[in-house]
> 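Mind looking over this structure? Questions follow.
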Amino acid sequence: MAEEKKPKQGQINIELDADVAQGIYSNLAIINHSQSEFVLDFVTIMPGVPKSKVKSRIVLTPQHAKRFLKALNDNIQRFEGAHGEIKDYQQPPIPINFGPTGEA
């Protein structure tokens, strides 16, 4: 029998399931926060379709949100260094009806 590889001291063994590896396409992120957490909701909206669902929700501590921002910024800088500037096209504001509305 082959021996199972054990992570070295200080390393983490991370598994990626096949269904998660497929990824989820998102063209809208809604970000909210409280004093103790950041909530990132990823949505796919399609032209002419008036209703969309949150496809994935990630909840982060403020410290992890800041680390995520730094890591994403570092990756964008490396990408632009290799492929040129990412153009940021202005989008018209999207009216968002998120969740039930309150009634008195």
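Computed from a predicted structure; not experimentally measured. Residue numbers count from 1 along this sequence.
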> Return the set of residues passing side chain to side chain donor-acceptor pair (under 3.5 Å) with Thr61 (not counting sequence neighbours), or none when no residue passes.
His64

> For Ser36, what residues pass the side chain to side chain contact (heavy atoms under 4.5 Å, CB included) criterion, not counting sequence neighbours?
Ser34

> Donor-acceptor pair, distance only, cut-off 3.5 Å: does the side chain of Glu80 make one with the backbone of Ile86?
yes

> Restricting to side chain to side chain contact (heavy atoms under 4.5 Å, CB included), what partner residues turn up for Ser26, sequence neighbours left out?
Phe42

> Side chain to side chain contact (heavy atoms under 4.5 Å, CB included) with Ile14: which residues, sequence neighbours excluded?
Ile12

> Look only at the side chain of Asn73 and the backbone of Leu69, and say whether a donor-acceptor pair between them is shorter than 3.5 Å.
no

> Under the side chain to side chain donor-acceptor pair (under 3.5 Å) test, which residues partner Asp74, sequence neighbours left out?
Lys70

> Quick check: is Ile76 connected to Ile31 through a chain of hydrophobic side chains (ILVMFWY, heavy atoms under 4.5 Å apart)?
yes

> Would you please name every residue forming a side chain to side chain contact (heavy atoms under 4.5 Å, CB included) with Lys55, sequence neighbours left out?
Ile24, Thr44

> For the hydrophobic clusters of this structure (ILVMFWY residues joined by side-chain heavy atoms under 4.5 Å, transitively), does one cluster hold both Tyr25 and Val20?
no

> Check for a donor-acceptor pair, side chain of Asn32 on one end and backbone N or O of Leu40 on the other, with a separation under 3.5 Å.
no

> Report whether Leu60 and Val39 are members of the same hydrophobic cluster (ILVMFWY, side-chain heavy atoms less than 4.5 Å apart, transitive linking).
no

> Nearest 0.5 Å please: distance from the CG atom of Leu28 over to the CD1 atom of Ile30.
5.0 Å

